[in-house]
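So that the names make sense, note that chain A is the first sequence line, chain B the second, and so on, each numbered from 1.
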Protein chains: 2
Amino acid sequence: MSRRSGILEFAVLGLLRESPMHGYELRKRLNTSLGIFRAFSYGTLYPCLKTLVANGWLIEEPGSVPALPPATGRGVAPASSLAGRRAKIVYRLTAEGKEHFEELLSHTGPDSWEDEHFAARFAFFGQTEREVRMRVLEGRRSRLEERLEKMRASLARTRERLDDYTLELQRHGMESVEREVRWLNELIESERSGRDQRRSSPESSTQHDTSGETGGLPRHREDTRPDPSDDTK
Amino acid sequence: MSRRSGILEFAVLGLLRESPMHGYELRKRLNTSLGIFRAFSYGTLYPCLKTLVANGWLIEEPGSVPALPPATGRGVAPASSLAGRRAKIVYRLTAEGKEHFEELLSHTGPDSWEDEHFAARFAFFGQTEREVRMRVLEGRRSRLEERLEKMRASLARTRERLDDYTLELQRHGMESVEREVRWLNELIESERSGRDQRRSSPESSTQHDTSGETGGLPRHREDTRPDPSDDTK
DNA sequence: AATTTCATGTAATTCGTTACATGATTCC
DNA sequence: GGAATCATGTAACGAATTACATGAAATT
């Protein structure tokens with residue numbers, strides 16, 4: 001019962017699996033860390049957290065403020081170390097929550113290939129088993145190929161009667177899809193050749209795979225611009 | 001009043017501007033002809049049509065069946081030529097509807113740069129004035145550049161702490177955006193150099209611009225596969 | 001002292017879907 | 001005559017947003 005959205009629930013559990021957080025922080029990570037994630041609002045997030053708690057997947061803890069500064073008498077009320085502080089609820093995954101998340105991770109349904117679901121799943125591939133990763137990647141690919149088929153068909157059918165702009169829009173749309181298919185091909189390829197069945201424990205890696213090419217994801221370089229600025233406008 | 005969605009209303013008016021249609025057909029065109037348009041369901045479309053009628057922008061006409069076949073006594077009830085036929089309501093744009101659409105076309109707000117709105121607007125660039133086209137393209141571009149900024153920032157901030165997959169997802173996302181920016185650059189460029197202020201009358205063109213290169217959209221070739229098949233699964 | 005950013009929540013509303021209900025027409 | 005597709009609609013529900021309301025903490 002209470003068929004909560006899927007995608008948000010999934011992402012919240014996934015993020016909380018890595019470390020406990022409070023809502024505000026959670027939302028930011030939802031919008032940044034994860035690739036595509038659209039900006040969920042608080043009006044969505046908080047009620048969702050509530051139901052996750054109700055389901056026994058999360059517990060609320062009194063907020064121990066992240067990096068509590070020296071606080072030598074400065075400010076209004078230094079109070080009793082970290083006791084009387086209102087609000088700032090930190091959510092932590094329970095054992096059942098963890099279990100539930102694992103189950104979500106290992107499941108794949110036709111939804112898993114859809115745009116947003118796919119992105120969410122991909123974002124947690126780090127804790128997904130190899131076999132499931134493959135299923136998701138391949139499912140996504142065939143979903144896109146289906147879509148391409150339709151686009152091509154409709155293009156062929158209507159080509160003559162459309163103005164340049166509509167045509168250009170379709171063309172660009174198709175190219176985007178084709179591009180994603182190529183991306184998936186690369187990923188699938190490198191999944192096949194990669195041998196590591198790695199399975200989480202979030203504090204591994206940072207120097208994961210010193211060999212340049214084989215076994216990991218396909219290599220792409222990216223200009224390293226240190227560019228500190230704002231986040232979600 | 002009755003702040004109807006925008007995007008669906010806009011698209012419906014735009015499609016009907018070209019020619020009258022009934023709901024079923026309309027929906028198909030929504031999902032195919034226009035580039036990106038997500039599949040609206042009937043449960044969305046029909047009520048929308050109703051309110052557009054209520055606003056005086058559309059009128060319902062008894063359906064003259066598209067290509068009515070000889071019908072020489074065959075079938076159940078040939079009836080009185082095309083009189084007693086139930087349903088099949090054809091919607092036609094009224095003068096006010098046309099006016100309203102023109103106004104929507106010439107307006108631009110911050111919404112116009114968002115993904116779906118942008119696609120919808122672009123799909124009707126054929127009947128949009130040059131100046132407005134420019135505004136929309138440039139608005140979209142700066143919207144995307146903003147987005148890129150944020151992505152870069154968040155990448156720089158979190159790079160070390162993320163696993164390979166999350167990173168790869170972000171990288172791919174950024175590349176997609178960068179690609180669209182390049183596309184927009186091309187379009188803007190060719191808008192600048194193109195001289196035709198063309199403004200609709202849908203029955204022009206089909207051989208619009210016999211010169212290969214200058215003035216129109218940037219040229220891209222595309223394999224012409226005649227591939228007749230189904231539409232919306 | 002004032003402003004900004006952090007932080008949590010709720011109520012009303014919007015947008016859109018699913019599932020259902022119905023029936024005509026065409027194809028085999 | 002039975003299946004598929006065309007065609008129109010409605011009611012119940014779902015997901016998420018906006019606008020509102022509140023207040024603590026940090027920055028300037």
Please confirm whether the ring centroid of [X] lies under 6.0 Å from the ring centroid of [Y].
| X | Y | value |
| --- | --- | --- |
| B:Phe122 | B:Trp183 | yes |
| B:Tyr24 | B:Tyr42 | yes |
| A:Phe10 | A:Trp57 | no |

Which nucleotide wins on minimum distance to the side chain of [X], given the candidates [options]?
| X | options | value |
| --- | --- | --- |
| A:His22 | C:dT17, C:dA7, C:dG9 | C:dA7 |
| B:Ile7 | D:dA16, C:dG9, C:dG16 | C:dG16 |
| A:Tyr46 | C:dG9, D:dT17, D:dT8 | C:dG9 |
| A:Ser41 | D:dT8, D:dT18, C:dT17 | D:dT18 |
| A:Lys28 | C:dC6, D:dC6, D:dT17 | C:dC6 |
| A:Lys88 | D:dT8, C:dT17, C:dA7 | C:dA7 |

Any A:Thr44 side-chain N or O less than 4.0 Å from OP1/OP2 of D:dA15: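 For A:Thr44, the contact criterion (side-chain N or O under 4.0 Å from OP1 or OP2 of D:dA15) is not met.
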Under 4.0 angstrom between A:Tyr42 side-chain N/O and C:dT8 OP1 or OP2: no
Round to the nearest Å and state the distance from [X] atom [atom1] to [N] atom [atom2].
| X | N | atom1 | atom2 | answer |
| --- | --- | --- | --- | --- |
| B:Glu116 | D:dA16 | CD | P | 14 Å |
| B:Leu49 | C:dG16 | CG | C1' | 15 Å |
| A:Phe40 | C:dG9 | CZ | P | 18 Å |
| B:Leu52 | D:dG9 | CG | C1' | 16 Å |
| A:Asp111 | D:dA15 | CG | C1' | 14 Å |
| A:Glu9 | D:dA15 | CD | P | 10 Å |
| B:Arg27 | D:dT8 | CZ | P | 12 Å |
| B:Glu25 | D:dA7 | CD | C1' | 12 Å |

B:Phe125/A:Thr166 under side-chain contact (heavy atoms from CB on, under 4.5 Å): CA gap, chis, key distance, verdict: CA-CA 8 Å; B:Phe125 262 22; A:Thr166 315; over 6 Å; no
Working for salt bridge (charged side-chain N to carboxylate O under 4.0 Å, His left out), residues A:Glu103 and A:Lys98: CA-CA 9 Å; A:Glu103 202 180 306; A:Lys98 198 162 164 172; over 6 Å; no
Sugar-phosphate only, base, or nothing, as touched by B:Gly43 at under 4.0 Å among non-hydrogen atoms: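 Base: the residue B:Gly43, judged by heavy atoms under 4.0 Å, touches a nucleobase.
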